[in-house]
Structures are given as structure tokens and as C-alpha cells.
Amino acid sequence: MTLLRKIAVPLGAILVFLLLWEWLVWAKGWPDYKMASPSDLWPAFWKYRWLFLENGWQTLWRTVAGLLLAVVAGTGIGMVMGFSRLAREALYPLLVGFNAIPKATVVPIMALIFVGRHDFNTIMIAFMISFFPIAVSVSIGLSTLEPEYRDILRALGASQLTVFRKIALPKTLPEFFGALKVSVTLAFIGTNLMEIVSPHGRGLGALFDSGKISADYPLMFAVLIALAFLGIVLYYIVVALEKVFAGWAERAPG
Amino acid sequence: MTLLRKIAVPLGAILVFLLLWEWLVWAKGWPDYKMASPSDLWPAFWKYRWLFLENGWQTLWRTVAGLLLAVVAGTGIGMVMGFSRLAREALYPLLVGFNAIPKATVVPIMALIFVGRHDFNTIMIAFMISFFPIAVSVSIGLSTLEPEYRDILRALGASQLTVFRKIALPKTLPEFFGALKVSVTLAFIGTNLMEIVSPHGRGLGALFDSGKISADYPLMFAVLIALAFLGIVLYYIVVALEKVFAGWAERAPG
Amino acid sequence: MSAEIELRAVTHAYRTETGPLPVLRHLDVKMPPGSFTAFVGPSGCGKSTLTKLIAGLMRPDEGQVWLGGQMVRAPRATVGMAFQNPVLLEWRSILSNVLLPLEIVPNTLSRAARLDRARELLALVGLSEFEEKRPSELSGGMRQRASLCRALVHRPEVLILDEPFGALDAFTREDLWQTMARLRAEERFTAVLITHDLRESVFLADEIVVMSARPATIQYRMASRLPAARDLDILYTPEAVEMLATLRRQIQIAQGRDAA
Amino acid sequence: MSAEIELRAVTHAYRTETGPLPVLRHLDVKMPPGSFTAFVGPSGCGKSTLTKLIAGLMRPDEGQVWLGGQMVRAPRATVGMAFQNPVLLEWRSILSNVLLPLEIVPNTLSRAARLDRARELLALVGLSEFEEKRPSELSGGMRQRASLCRALVHRPEVLILDEPFGALDAFTREDLWQTMARLRAEERFTAVLITHDLRESVFLADEIVVMSARPATIQYRMASRLPAARDLDILYTPEAVEMLATLRRQIQIAQGRDAA
Amino acid sequence: QAETQVQLALDWKFEGPAAPYFAAIDNGHFAEAGLAVEVLAGQGSLDAIPKVATGAYPFGFADINSLIKFKDQNPDAPVVMVMMTYDKPPFAVIGRRSLGVEAPKDLEGKVLGAPPPDGAWAQFVPFAGASGIDMEKITVEPVGFPTREPMLAEGKVAAVTGFNFSSYLNLVRLGVPEDDISTILMADHGLELYGNGIIVNTDFAAANPELVKGFLAAVAAGWTDAIADPAAGAAMVIERNPAGDLDLETRRLQMVIDANVATPWVAEHGMGGIDPDRFERALVQIGETYDFAEAPDASAYFTDAYLPEGGFPLR
Ligand SMILES: Nc1ncnc2c1ncn2[C@@H]1O[C@H](COP(=O)(O)OP(=O)(O)OP(=O)(O)O)[C@@H](O)[C@H]1O
Ligand SMILES: Nc1ncnc2c1ncn2[C@@H]1O[C@H](COP(=O)(O)OP(=O)(O)OP(=O)(O)O)[C@@H](O)[C@H]1O
Ligand SMILES: [Mg+2]
Ligand SMILES: [Mg+2]
């Protein structure tokens, strides 16, 4: 029942959205080059199905690699900022400044500094664009931890790290995963930025570009939908992880 | 003392960062067109100071407008998702999918649909790219609110909205402002994306482009730094707002 | 300014992962307007659950709760509640925490009148000095007292107190009993008190209900035989001593020990 | 398996926005290894503050705290503490909450041994049925009992209990007194008990310290005249009754009322 | 014999005009010169130039006007053009006959759509000067790249600036009848500027002069192949551009050949070189809109040192 609901509700929402889109395009009579409608996309998907599979995979693995890096580094930076007020005051403006710089302009610089190392560059951009929300959420989780919670473990002589692992992290898990959901979408944007701005011929960005060259609007829209789809897949993986980790916290650990 | 510290620490951090940057460029002997160093940027700033002022203002107001929209809409969507499990399950995948689509590719579509309405388009992109973190944080803040807190007001027959205003919002204020800090940086990226991808000749993006046309690398880097600077300015405005709102919550309200 | 409370065949169970946990079984109690009823019973029997049902925070599985002649389907503004765990809002001062209900409940009080009311209550519980402090700067007992003020500030018709004096030392507690008795005479609410202190129940209540162990039924009801006007000495009168002895015995039975 | 606790001229004040709030003034107490000391005093006088100083969670402004011959500068693993407000971790089951200290404190117990220990303690306080429940599924009194188990699970040398039985009904409470007495004989910790229940302090403690109102000083110390082996009836012996009367009087003085 | 690995950084994506390089690969011209060449797509000339200037890639393909400005800003940058490919630059004004735009003069009194950072728009002032257009009489509407052709297709502007082979084909794709589209190539109306060509890292070239010569010869051979059979050339592009459209790229290639590469001057003098007098005039025209930091020096931008005498014959 609930499982059915868990699947039916999002599917229904997506369907409603697609129908609305189709209707909008139909009602406004927009041409393909303005906005393709969902029904135009199927031929594009079918025609290029192997390309979608391969390039989708290329994009996906680089995104996930960048995201993993972002989780590790974001958590690290977040911990430093959460535990030390000094670090927070010093790092926040730098990070905000760095993040306000459009990554599209950073891509060429990266591409020049690390010439030809496409995978590395792509993963780095995905990482750079997506670590900030995680760092912010971990830092806030730590700096707003109620003293009562902290004291439970501190009274036993536990280290800061232990307090983080046993109390702060699980307690901010919802916010952490919320940040991760934001980061997932950002990481996709990062990967694609690299694929489009500094093309290396792989990934969905390359497919988009190639659709753009031949003014194949349905293909371009199909790529965007494929990206959205991958984003949703990754989102559900994050949701599943959320369950696993909550489950782990639930059981009596050994 | 503490005020001095509050100013000195971030300034010091920024200075250290600039020095490191200068040193890196100097040590590696990188030319301007690979990576300009901070000392190269002053002449560019000085030469184009009026352009920086004017275009900076153009970028800033559009960003702020987009951000305000993002706060309002993000809070709204977040409230809907926070209060209703159904809405959460239905909307989350849609939002994630939408956000995984690189906004750089949405810009042309927007530009085509709303031809010539540059301000509107720019603000919309800034809004679209920045509302998600706010929606996520508000939704999590609401859906993880401890029942004890909720019951304090619910026992008095308070409406959901009142519970949100008096309990959920103040309680998640730290996370909300954390999300706002992320959104600030994203909104800047959005504004610039529009200015660069669908140029309408205004804003720092246009200045960047004109630097690019004449291969003026110090100018291009100077624009990026100006963006970072604006991001930091907006960040401190958010920090100040955080204080004001916390201050408001502190005093006995009337 | 007071309302009748009636429980009609109230039965409730919590749905837990391992199946339903029956908590209350077929409770029938009628508390007249202006009355003061104390509920006592073993830990975990369902007393706090009962308060939430009366406040309308939960709906019973079976049966109904009636307040002032209306069936309770949702919480209402005429109820004041002090929770067992006194949650205060950390981002507000103590005074502002106490003022909170007045921001929610429709009322015509001016700002000054509200402040007067809140300050007066805080003074009654000995927290005048701490009006502008944050909750985290208060001791456990002080927080409990602030939470009591919050329950009273909007002059509710029905007052629900879940172990309001649990963290207080004997004398502060006795002071507050007397404060409560005085307030009751002035404001005429109908009160429900959860307590584990039998002397407290005897001193304050018109009627004392002993609940059995979970799933709780009403095991014993005792109407007070004490006069309406009471001071602390009354607890040493033969009537009170006898009431206390009876209650002790009943609770022993409630917990499944032989009353012998 | 037990350590001496010594307070040497401990003075402490909280820094608040409106200036320092002196809480403890010049406390000197020595608690021998294996002893059981109860502190009683008015609400807000500084009892919880004292427990935090002993646990090393805070450093006193002046004076020192010594545990087992070492000056306390930071918390240590040999202390078990039950806080006045029993904070349980909502994302863990009750059993897992109780196991928490064993995950932190260095020890050589196998997983099975840890589980045995935790289950045994939960059984002692009557929570066997609730091992796998979440904290929010427990009543106030049940949470307090779980928190007590968490303080005991790693067999601490020093046990600090801040009103551990505050939310319990008389009989559950008396059961736990006896459980405590038995545990004490088996595990030989040095115990510090904060309570507002004089009977509790008389039943459990070797020495009872009455603290004055804030800023708290030691107003009165009373060594127990009761034999080491006690059952509940002992509270009705003339010695106990006399001790209770004395304590009542002293607290009355502590609160600034005339002892008359 | 082991082939030397070199890279060629293109200024743009894999479109029809990239066919000659792939022809040089697939038909073995590079291999004959002892080279294994990797071709990389790019994002505009100012993406390709730094790639070569930093030494990341030895060869690139870029617009000489961008190179001139780049060298003016960064005089020490080790990059120079060694072979001119687009004798006529692709800068154009694309108009619609039905909206009354056929010749430069027709622009007066009309609305011209131009993206501010557009390469063609950047040359509009010298073009207007040379063809006698009164700039005052033109309403210039800043448009975004994505909206440029759609706005022309919808008649919201009467003409746009753009590249002859991109904007034209985009318009065709948007359903504008071909006989309604007028392409005004600026080079046909007094604009003296040159277009794109092969650039090289000078440090690399100084160390490997023979390699560079061989590279250029192979590229020229690739052009010969592409001109001989544009469809085959375009097919080689499509191979590397998964979702490409063969007909479209064939047309694009043909347009580049006809309008930009195989010009009368090239037919006479061969491909690869430049006319120094025209180049001097071009520098003057650039100076109309761009403030040179230092006096322009033609030899810093182009060298024929690696070209054979008389250039490469195209047929
Ligand atoms: N939210 C809940 N979900 C599941 N079970 C619950 C929940 N709240 C309480 N219970 C269970 O219901 C029973 C009664 O709880 P309740 O809080 O009403 O007891 P109580 O009489 O107030 O006890 P105490 O005197 O200890 O506060 C307990 O066994 C408890 O485990
Ligand atoms: N974090 C804090 N900051 C400032 N003041 C505090 C803080 N914690 C406690 N106080 C103040 O210190 C005094 C003593 O508090 P403490 O919690 O030690 O009292 P207590 O004796 O435990 O009282 P109770 O019996 O009510 O729990 C109180 O007046 C309280 O307001
Ligand atoms: Mg309860
Ligand atoms: Mg206390």
C-alpha cells in the first residue's frame, strides 16, 4: 500500500507535469525551436537510444565521482567551520565569494591548467559547484547543536570527532541529506558545464551540443529531459541511502 | 574587541587568500591569459571603474530581485512540502529533475519565450536557479519539527501557518539562513548566465564579454573578482538580516 | 469562565511497529465546571496520553471527549496546558515565552495589559528576576515554573497540568500549591492535574482518580472530604491522612502488588 | 572501582548579559570512595551546576574539583551521569541509547556482553518490553529510567544523578531506590545524588548536604545514622524520622524562611 | 616510423568546416607527414588562442582579428598565425528580402538585431564605413544569440549580424524560404579583414619547423579533398558528431568553400598566404573600433615562414 503510494505519487506528479507541458505547447502553438513538447521527444530518444545510454553513463559516473568528493570535502570543511568560530568567520566569505563566481567562466581556466585531463577536470567542476551546500549544512548542524546533546557524550570524555559522529551527524542527517539533494542537482550542472563549455566529446553535454549543431531541437530537449531523469535517479539513490543510514542508526550498533 | 575581530578575521582570510594566489601565479610564471594575478587586476578596476560601478549595480539589483522572488516562492513551496507528505513525495522528484537541468540551456528557451524582456528573463533565471535550497530547507525544517514544539501552539488551536511563523520558522532560522547563503551565490550565477549566454549588453556579464572580445584577460578576471565581491557583500547583508531577525525574536514581541 | 470536561468511554492505543499498544481503556469521567481533578497512576500508564486527548491534540480511537458541551475534534484556544517536559522556545526570553499564548489566542488585551499579566504570573512563581533571561539560563525547576505561567497567561477555561511541580523542592512546591489554590479561586478554570505526589493531589483536588497500570482503566475515584478553603496544615488532619492512606493502597493495587 | 570526590573552595558564577550571576560560593566537600552523598536545596540554587562541575563539563571560576586524586580539567570516561532533563537520541532505540556509553568509553566487552549488560539494566528499571522502542514512544518517567540505565551501563567509578526519579510515582520510585541500593553494593561507585525528595536522600545517602539559596553555600551537613543495609521500613524508624525533621527545618532556613 | 602526436584546437564544434582536418586524418595526409593528430572542439577563437599560447596544444584554428587583439594585450604570448584559411571572413549581415534588405544601403531605417559580443557585429562599424551606411539611421536591437535567428524569422528585426554559414542555415531550419534570405558578406562590401586560419605555438614551431610545414601541407591536402567531394568530407565530420545531420553539414561545408575559402584571390595566389597591403588596411579598419595598446605590427600576427612559395594550390 505505502510502497505503491510511494511509487504512484511521484509518477503521477511527473505525468501530470508532462501533460501540462504538452498542453501548453499545443495551446500556444509553439514551434519546436521554441519549446518541444514531450510527444516530440520519443522519436529523438528512440533514434539515439544507444548514444543516450552511453553518454548518460559517462555523465553519471563523473557526476557521482564529483559528488562523492563534494561529500567528503564538504563534510570536512563543514566540520572545521562548525567546531571553530574563527574558521567560520574566516572561511565563510571566501567560500561565498568563490561560489558566486559562475563556474562557466572557471571551466576554461581549469581546462587550461589541467590540459587534456578531461575526467579530472569534469569531476573537479562537479565537485566545486556542489560542495558548498554540504559544507554549510554540516557547519550549521554542528554550530547549532544544543549543549544538552553535546553533554551526553562530552561527560564521558568523548572527543569532538566522536561527538560529531555519534550525535551531530545523525542529528543533522535530515538537513545533511537535504543539502545532498541540492548538491546532486548542482553536480549534474557542473558535469554538463564542462561537457558543453570545454567539450571533450563525451557525456550528455556532448549530445546536447551535437543536437545544437544540427538545430535538432527535439534532441536538445530530449537531452535535458535525460539529465532531469538522471537527476531524479540519483535523488532516489540519495533517498535510499537516507533510509539505509537511518536504518543503521536505528539498530543497536556493535 | 569582538567587532574588530568580526571585521579583521574575514579581511585577514581574504588577504591571505590573495597573497597565496599572487604567489602561485608568480611561482608558476603563468601568463595573464592562463591566470591573472591580483596585482594585475587593479589597473583594470581603475580603468573601468565607472563601468564596474554601473554594471555591478545592474547585476546586483537583478540578482537581489531574483533572490527575493526565490525567498518568497522557496518558502511557499517549502511550506507546502513540509506540511504535506503527499506534496513532498510528488514535488521533490519534479524539483530535483528541474534543478538537474543546467540553467545555461534553459536561458535560450527563456530568451525565446520572453523575447526582449531582458530584465524579466534575467530575474527569472536568478530565481529559478536559487529557490531550491530555500524550499528544501524550509520543507525539512517543517517536516522534522519535534511534536513537543508543535504541540505548544497546537494546544491553543493555532493554525498551521501560525505554528510555522512562531515556531517552525524561528527554529529553523539557522538552516534557513544557511540555505539563503547558498542561494545568494546561485542567484549571482543565474544573473551572469543570462548576461553571458543571452547577452543584452548590461551587467557584469556584459563587461566580461567585452573583456573577452578584446582578449583583455585582467579585465575578465577583474569581473570575476567583482562578482565574488558582490557575493560577499550580499552574504554580509544576509548575515546582518540574520542578526536583525534573531534580534526581533529575542525581544518580547507586541 | 470554566467548562465541563467529560470523557465518554475513551479508549486509545498507540500504533507502534510491533503492533498496537493499548494505553487507555474505556475511561468515563465527568468533571464539572470549576472542578479540580487529579489523576494519579503508575509511570507509563497513560496519564500524559489522557491530557493530550483532553486538549484535542489527539483523537481517541474510541469514545469521545467533550469540553463545555462540545465534542472535542481539534485543540481550542480556551485550554491552557503545561506539558510534562517544559519545552520553552530558546529564541525568546522567558517573558516572551510566557507571552506566546497571548499572541495566538484571540484577545483584546493591550500590550501593556499583556505584559502586566505575564509579569504578575512570573512574580507569583518567583521568577521576576529572570524575565529577560533565555530558557537555557534557567534551572530545571525554574523552567517548569515558567511553563506553568505560559499555561495560565491567557486565562484558560480549562487548565491541564502534567506533573507541573515534578522538579521542585518540597517548599517551593508547597508555595506553588497555595498559589494554585488562590489562582483557582480568582480565575475559575476547570483543572486537570497529573501528579505522582499524593499529598499534592489531596491538597489541590476536589476529586482524585487513580488509574490502573497500562492499559489504564479507572481503578478508583475519591471525592475530597476536605473543605474548599485549605492551608497546608490541612494535610495533617485525620481526613487527609486517611485519604492519603487509601490512595497509597489503591496505587499499590494499581501496580499489581498485593494491597495487603 | 570507585574514586574519591573532593570539592576545594569551589566558586562559580554564570556570565549573563546583565552581569555575572553568582551560583556557588566556596563549596568544600570531601566524598570518600564508595560513599553516597545527596545534595538537597531550593530550586535554582545551583545543584545542577554542581553536577556539571564534578563531571568536568565546566570549570569552576575558583577552586578545584578532584576525582580519585586527580584534578578535574576535562570530563573523563569513568563518570556516569544522568541529567536532570533525560535527553535520549531519537534516532536510536532505547536499547541502543543505553549502549551509547559503551561505544565511547574504552572497554573490552564483546557485543554480546554489552547487550547483556544493557538488557539487564533495562529489566531492573522495568523497561524490558521497550528495548526496541524509540524515545518518543516512552512516557516521561520511562525516559528518565532509560537515562538512568545509560548512566550506569559502563560501570562508572563515579555516578552523578540529577533528580533521577523526579517524574516517577511513589511506588516505582521506591522500587528504584531499592534497585540503586543493590547496585551500589555490587558495583561500588561513588555516588552524587541531587534530589528534592528528602525521604529519598535519607534512604539512599551516607551523607546529606543541604545547600542554601543562590549563591549556594553549604548550609548543613548530616551524616546518616542509619545502618548500611536498609529496606523501606527503615524510613519509619525514629532515627529516620528525626533526620527528616532536621532536614525539613534546614531547608526551610535555606530558603530564608524562619525555621521557627 | 613512429608518428608524432600533436593536437589541433578548433575554434568551434565539429561542423562541416572541420571536414578538411578529418579528411587529412582519414585520407592519410597527416600520417604521410609522420603525424598523429587529435582534433579538439572549442568554444570560440578566444578559447582556442590561449590553448595554443600556453603551449597546451601546438596547433589551433582561430580568427585572426581575435588573435591580433590577443597579441596586442599579451605581446609576449608565443602564438602566431601560419596559414590563412578564410580569405574572406564569415562576418555577414543576414537579411530578408521580404523585409526589404538586399544590399548594405537597405539597412538604413531598419531594425538590425545584433548580439553585443558577436564577432560579426564587432566588425560592423568598419563595414558600415566602407559601404557608406549611415549608422545613425539604423536601429540596433541587442539580441541574445539564441534569439537572433528566431527574431528575424518572426520579422521582429529586418536583418541580423552573424556568420554567413551559421545564420543562413539556422534561418532555413526555422522555415524561412531560401530565396527570401539575403546574405551580405561584409568582405564583399569593403571590409578588408581576414578570417580564420591555423595558429601555432611559436616555441613549438621554432623547435619543429619541418613538422609545422608538413602539418600545413596535410591540412591543405585535406582542403583539396573536401573541396573535391564535400559530401564525403561532411560524412567524416558526422562520424565524429554522433547526432549530426549529413545534408546540413555538407551544405555548410559547401558554403564555406564557396564564400570564404575558394575566393578569386586564392584561386590566383594559392591558399594559406595573405596580401600584405590588404592586411595593413585591415589593421587600420580594426583600429576604427579597437584601441591598440601598441602600434600594430603585422609580422607579430602572421608569418608565411612555414608556407611553400606561392601557397597551396587548391585544385
Ligand atoms: N508517541 C507514542 N508512540 C507510541 N507509544 C507511546 C507514545 N507516547 C506514549 N506511548 C506509550 O504509551 C504509554 C503511556 O504513555 P504516557 O506518556 O501517557 O504515560 P504516563 O502515564 O504519562 O507516564 P509517566 O508518569 O511516566 O509520564 C507508555 O507505555 C508509552 O510507552
Ligand atoms: N547556562 C546558564 N547560563 C546562565 N545562567 C544559568 C545557566 N544555567 C543555570 N543558570 C542559573 O544558575 C542558577 C542555578 O542553576 P541550576 O540549574 O544549577 O539550579 P538547580 O539547583 O539545579 O535548580 P533546580 O532544582 O530547579 O533544577 C539558576 O539561577 C539559573 O538561572
Ligand atoms: Mg507522563
Ligand atoms: Mg537542576
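Below, read A as the first sequence line, B as the second, and so on, with proteins coming before strands; counting in each chain starts at 1.
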J.: Could you tell me the separation between the CG atom of Asn99(A) and the CG atom of Leu227(B), rounded to the nearest 0.5 Å?
T.: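 Asn99(A) CG to Leu227(B) CG: 12.5 Å, rounded to 0.5 Å.
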J.: If you measure from CD on Glu89(A) to CD1 on Ile7(B), what distance do you get to the nearest 0.5 Å?
T.: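 So the gap between those two atoms works out to 10.5 Å.
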J.: Considering non-hydrogen atoms only, spot the tightest contact between Ile189(B) and Ile101(A) and give its length.
T.: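 The pair with the smallest heavy-atom distance is CD1-O, 4.0 Å.
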J.: What are the two closest non-hydrogen atoms of Ala100(A) and Gly231(B), and how far apart are they?
T.: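 Distance-wise, the nearest heavy atoms are CB-CA, 3.9 Å.
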J.: Drop me the distance from Phe17(B)'s CZ to Leu91(A)'s CG, to the nearest 0.5 angstrom.
T.: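 That separation rounds to 11.5 Å.
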J.: Tell me, out of Pro133(A), Gly205(A), Gly141(A), Gly97(A), who's got the most heavy-atom pairs with chain B below 4.5 Å.
T.: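 Highest number of heavy-atom pairs under 4.5 Å: Gly97(A).
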J.: Looking at Phe98(A), Phe208(A), Phe229(A), which makes the most heavy-atom pairs under 4.5 Å with chain B?
T.: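 Going by pairs under 4.5 Å, I would pick Phe208(A).
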J.: With a 4.5 angstrom heavy-atom cut-off, which part of Leu224(B) approaches chain A: side chain, backbone, both or neither?
T.: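 Both backbone and side chain.
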J.: Quick check on Ile232(A) against chain B: is it the side chain, the backbone, both or neither that has a heavy atom closer than 4.5 Å?
T.: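 For Ile232(A), heavy atoms of backbone and side chain both lie under 4.5 Å from chain B.
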J.: If I measure from the heavy atoms of chain A, does Tyr236(B) come under 4.5 Å with its side chain, its backbone, both, or neither?
T.: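 Interface part for Tyr236(B): side chain.
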J.: May I ask you to name which of Pro10(A), Pro93(A), Gly12(A) has the most heavy-atom pairs under 4.5 Å with chain B?
T.: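 Of the candidates given, the most pairs with chain B belong to Pro93(A).
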J.: Side chain, backbone, both or neither: which part of Val96(B) has a heavy atom under 4.5 Å from chain A?
T.: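 Contact with chain A is through both the backbone and side chain of Val96(B).
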J.: What pairs with Tyr217(B) under ring pair (Phe, Tyr, Trp, His ring centres under 6.0 Å), at least two apart in sequence or on another chain?
T.: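 Tyr217(B) satisfies ring pair (Phe, Tyr, Trp, His ring centres under 6.0 Å) with Phe70(E) only.
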J.: Can you tell me which of Val136(B), Ile140(B), Thr144(B) forms the most heavy-atom pairs within a distance under 4.5 Å of chain A?
T.: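 Option with the greatest count: Ile140(B).
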J.: In sequence, state the C-alpha distance, the side-chain angles, and the governing distance for Leu186(A) and Leu186(B), and then conclude on side chain to side chain contact (heavy atoms under 4.5 Å, CB included).
T.: CA-CA 10 Å; Leu186(A) 289 178; Leu186(B) 289 178; 3.8 Å; yes
J.: Pairs of donor and acceptor atoms involving the side chains of residues 174-185 of chain B, under 3.5 Å and at least two apart or interchain, shall be tabulated with distances.
T.:
unit_1    : atom_1 : unit_2    : atom_2 : d
Lys181(B) : NZ     : Glu242(B) : OE1    : 3.4
Ser183(B) : OG     : Ser130(B) : O      : 2.7
Ser183(B) : OG     : Ala179(B) : O      : 3.2
Thr185(B) : OG1    : Val182(B) : O      : 2.7

J.: Please give me the minimum heavy-atom distance between Ala90(B) and Ala13(A), naming the atom from each residue.
T.: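 It is O-CB, 3.3 Å.
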J.: Do you know which two heavy atoms are closest between Pro102(B) and Asn192(A), and how far apart they sit?
T.: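 Taking every non-hydrogen atom into account, CG-CB, 3.6 Å.
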